[in-house]
Amino acid sequence: MQNQTDQIKHVSDIIKVMNGGIEFYQEAKSKLDNSTYQAFFNRMIVAKKEAVADLQKFAVEEQGELENESSSLVKARQVYTKLLSKVSGDSTAFTYIDQLEEVEDKALEELDLALERHQAQDCEIALRRIKVSMKECHDEMKALQKMAAQHSS
(Lines give C-alpha, C1' and ligand atoms only; values in the text may rest on other atoms or scores of the structure.)
Protein backbone atom coordinates (compact mmCIF):
# COMPACT_ATOMS: atom_id res chain seq x y z
CA MET A 1 0.00 0.00 0.00
CA GLN A 2 1.24 3.45 -0.88
CA ASN A 3 1.75 6.06 1.78
CA GLN A 4 0.24 9.55 1.51
CA THR A 5 3.32 11.07 -0.14
CA ASP A 6 3.47 8.44 -2.90
CA GLN A 7 -0.06 8.85 -4.21
CA ILE A 8 -0.90 9.96 -7.71
CA LYS A 9 -3.13 13.03 -7.87
CA HIS A 10 -4.89 14.94 -10.66
CA VAL A 11 -3.53 12.83 -13.56
CA SER A 12 -6.97 11.74 -14.76
CA ASP A 13 -8.00 15.39 -15.12
CA ILE A 14 -4.95 16.07 -17.29
CA ILE A 15 -5.78 13.10 -19.51
CA LYS A 16 -9.35 14.37 -19.93
CA VAL A 17 -8.04 17.73 -21.15
CA MET A 18 -5.59 16.00 -23.50
CA ASN A 19 -8.32 13.72 -24.89
CA GLY A 20 -10.58 16.72 -25.43
CA GLY A 21 -7.73 18.54 -27.16
CA ILE A 22 -7.13 15.57 -29.48
CA GLU A 23 -10.80 15.53 -30.46
CA PHE A 24 -10.85 19.30 -30.98
CA TYR A 25 -7.71 19.29 -33.15
CA GLN A 26 -9.14 16.43 -35.21
CA GLU A 27 -12.30 18.42 -35.78
CA ALA A 28 -10.31 21.53 -36.70
CA LYS A 29 -8.34 19.47 -39.24
CA SER A 30 -11.58 18.34 -40.87
CA LYS A 31 -12.91 21.91 -41.05
CA LEU A 32 -9.79 23.73 -42.26
CA ASP A 33 -8.20 22.83 -45.59
CA ASN A 34 -4.95 24.76 -45.17
CA SER A 35 -1.99 22.32 -45.37
CA THR A 36 0.01 24.42 -42.89
CA TYR A 37 -2.76 24.03 -40.32
CA GLN A 38 -3.09 20.31 -41.07
CA ALA A 39 0.60 19.66 -40.38
CA PHE A 40 0.51 21.81 -37.27
CA PHE A 41 -2.64 20.16 -35.92
CA ASN A 42 -1.13 16.73 -36.58
CA ARG A 43 1.89 17.66 -34.43
CA MET A 44 -0.40 18.79 -31.61
CA ILE A 45 -2.44 15.57 -31.83
CA VAL A 46 0.69 13.40 -31.72
CA ALA A 47 2.09 15.30 -28.71
CA LYS A 48 -1.19 14.90 -26.81
CA LYS A 49 -1.53 11.22 -27.70
CA GLU A 50 2.01 10.61 -26.44
CA ALA A 51 1.21 12.47 -23.21
CA VAL A 52 -1.95 10.41 -22.69
CA ALA A 53 -0.05 7.17 -23.32
CA ASP A 54 2.62 8.20 -20.81
CA LEU A 55 0.06 9.17 -18.17
CA GLN A 56 -2.37 6.24 -18.43
CA LYS A 57 -0.39 4.03 -16.03
CA PHE A 58 -0.65 6.79 -13.44
CA ALA A 59 -4.39 7.13 -14.07
CA VAL A 60 -4.72 3.43 -13.29
CA GLU A 61 -2.82 3.98 -10.03
CA GLU A 62 -4.97 7.01 -9.25
CA GLN A 63 -8.42 5.65 -10.04
CA GLY A 64 -8.02 1.95 -10.80
CA GLU A 65 -8.71 2.16 -14.55
CA LEU A 66 -7.67 3.85 -17.76
CA GLU A 67 -9.05 7.35 -18.34
CA ASN A 68 -10.89 7.60 -21.65
CA GLU A 69 -13.15 10.59 -21.03
CA SER A 70 -12.73 14.13 -22.32
CA SER A 71 -12.89 17.37 -20.38
CA SER A 72 -16.34 18.97 -20.41
CA LEU A 73 -14.68 22.39 -20.58
CA VAL A 74 -12.82 21.44 -23.77
CA LYS A 75 -16.02 19.99 -25.25
CA ALA A 76 -17.81 23.26 -24.45
CA ARG A 77 -15.12 25.21 -26.32
CA GLN A 78 -15.54 22.86 -29.26
CA VAL A 79 -19.31 23.42 -29.36
CA TYR A 80 -18.83 27.17 -28.95
CA THR A 81 -16.40 27.23 -31.87
CA LYS A 82 -18.81 25.32 -34.12
CA LEU A 83 -21.60 27.73 -33.26
CA LEU A 84 -19.47 30.82 -33.69
CA SER A 85 -18.18 29.60 -37.05
CA LYS A 86 -21.72 29.04 -38.30
CA VAL A 87 -23.18 32.31 -37.02
CA SER A 88 -20.40 34.80 -37.69
CA GLY A 89 -18.71 35.89 -40.84
CA ASP A 90 -15.40 35.59 -39.00
CA SER A 91 -12.58 33.50 -40.31
CA THR A 92 -13.22 29.92 -39.34
CA ALA A 93 -9.46 29.37 -39.07
CA PHE A 94 -9.03 32.24 -36.63
CA THR A 95 -11.98 31.03 -34.53
CA TYR A 96 -10.58 27.51 -34.28
CA ILE A 97 -7.03 28.68 -33.61
CA ASP A 98 -8.18 31.11 -30.94
CA GLN A 99 -10.12 28.42 -29.07
CA LEU A 100 -7.39 25.79 -29.52
CA GLU A 101 -4.90 28.19 -27.92
CA GLU A 102 -7.23 28.33 -24.91
CA VAL A 103 -7.15 24.51 -24.78
CA GLU A 104 -3.35 24.70 -24.67
CA ASP A 105 -3.64 27.14 -21.75
CA LYS A 106 -5.94 24.69 -19.96
CA ALA A 107 -3.49 21.79 -20.48
CA LEU A 108 -0.68 23.81 -18.90
CA GLU A 109 -2.94 24.91 -16.05
CA GLU A 110 -3.87 21.29 -15.26
CA LEU A 111 -0.23 20.20 -15.38
CA ASP A 112 0.70 23.01 -12.98
CA LEU A 113 -2.07 21.93 -10.59
CA ALA A 114 -0.76 18.37 -10.60
CA LEU A 115 2.82 19.52 -10.08
CA GLU A 116 1.79 21.63 -7.08
CA ARG A 117 0.80 18.41 -5.34
CA HIS A 118 3.23 15.91 -3.94
CA GLN A 119 3.38 13.11 -6.50
CA ALA A 120 5.11 9.78 -6.65
CA GLN A 121 8.59 10.41 -8.09
CA ASP A 122 8.04 8.61 -11.41
CA CYS A 123 4.77 10.48 -11.92
CA GLU A 124 6.37 13.85 -11.18
CA ILE A 125 9.16 13.12 -13.68
CA ALA A 126 6.59 12.23 -16.34
CA LEU A 127 4.51 15.33 -15.57
CA ARG A 128 7.55 17.61 -15.86
CA ARG A 129 8.57 16.04 -19.18
CA ILE A 130 5.02 16.36 -20.52
CA LYS A 131 4.83 19.97 -19.34
CA VAL A 132 7.89 20.81 -21.47
CA SER A 133 6.20 19.24 -24.50
CA MET A 134 2.88 20.99 -23.82
CA LYS A 135 4.67 24.33 -23.32
CA GLU A 136 6.18 23.88 -26.79
CA CYS A 137 2.69 23.13 -28.16
CA HIS A 138 1.32 26.20 -26.40
CA ASP A 139 4.08 28.44 -27.75
CA GLU A 140 3.54 27.15 -31.30
CA MET A 141 -0.20 27.68 -31.01
CA LYS A 142 0.35 31.21 -29.65
CA ALA A 143 2.56 32.01 -32.66
CA LEU A 144 -0.04 30.55 -35.03
CA GLN A 145 -2.73 32.58 -33.28
CA LYS A 146 -0.75 35.81 -33.87
CA MET A 147 -0.17 34.90 -37.50
CA ALA A 148 -3.88 34.10 -38.02
CA ALA A 149 -4.90 37.38 -36.36
CA GLN A 150 -2.66 39.31 -38.77
CA HIS A 151 -4.16 37.52 -41.76
CA SER A 152 -7.75 38.07 -40.62
CA SER A 153 -7.22 41.82 -40.10
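Proximity of a side-chain donor or acceptor of E62 to a complementary backbone N or O of H10 within less than 3.5 Å is detected. Remark: side-chain polar atoms of E124 are not paired, donor with acceptor, to backbone N or O of H118 under 3.5 angstrom. Side-chain atoms of E69 do not come within 3.5 Å of backbone N or O of I15 as any donor-acceptor pair.
Between the CZ atom in F40 and the OH atom in Y25 there is a gap of 5.5 Å [rounded to 0.5 Å]. Note: H138 NE2 to Q145 CD = 8.0 Å, rounded to the nearest 0.5 Å. Here the CD-OG distance, from E110 to S12, works out to 11.5 Å after rounding to the nearest 0.5 Å. Taking CG from L144 and CG from D98, the interatomic distance works out to 11.0 Å, rounded to the nearest 0.5 Å. Rounding to the nearest 0.5 Å gives a distance of 5.5 Å between CE of M141 and CZ of F41. For the atom pair OG1 of T95 and CG of L100, the computed distance is 10.5 Å after rounding to the nearest 0.5 Å.
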task: Before giving the answer on side-chain contact (heavy atoms from CB on, under 4.5 Å), spell out for F24 and Q99 the whole-Å C-alpha distance, their side-chain angles and the decisive distance to 0.1 Å.
output: CA-CA 9 Å; F24 202 173; Q99 291 304 305; 3.8 Å; yes
message: Working note: E104 + K48, criterion salt bridge (charged side-chain N to carboxylate O under 4.0 Å, His left out); need CA distance, chi angles, decisive distance, verdict.
response: CA-CA 10 Å; E104 295 301 329; K48 281 169 185 35; 2.8 Å; yes
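Cluster annotation: M147 is connected to I97 through the hydrophobic network of ILVMFWY side chains, with a link wherever side-chain heavy atoms come within less than 4.5 Å. Hydrophobic cluster membership differs between L127 and V60, with clusters built from Ile, Leu, Val, Met, Phe, Trp and Tyr side chains linked at under 4.5 angstrom. Residues V17 and V46 do not share a hydrophobic cluster, defined by chaining ILVMFWY side chains whose heavy atoms lie under 4.5 Å apart. The hydrophobic clustering, which links ILVMFWY residues whose side-chain heavy atoms are closer than 4.5 Å, places I45 and L55 together.
Salt bridge K9/E116: absent, no basic N to carboxylate O contact under 4.0 Å. Salt-bridge formation is not detected for the pair E102/K106: no Lys NZ or Arg NE/NH1/NH2 atom is positioned less than 4.0 Å from an Asp or Glu carboxylate oxygen.
Looking at every heavy atom in both residues, N68 comes nearest to Q56 through OD1-NE2, 4.2 Å. A59 approaches V11 most closely through the heavy-atom pair N-CG1, 3.9 Å. Scanning both residues, L32 and Y37, for their nearest heavy atoms gives CD1-CD1, 4.1 Å. Taking each heavy atom of S133 and A47 in turn, the nearest pair found is OG-CB, 4.0 Å. Residues V103 and G21 come closest through the heavy atom pair CG1-CA, 3.9 Å. Here the shortest heavy-atom pairing between E140 and R43 reads OE1-NH2, 2.7 Å.
With contacts defined as side-chain heavy-atom distances shorter than 4.5 Å, the pair D54/R129 qualifies.
Counted within 6.0 Å of CD on Q63, heavy atoms from surrounding residues, nucleotides or ligands total more than 12; the atom is thus considered enclosed.
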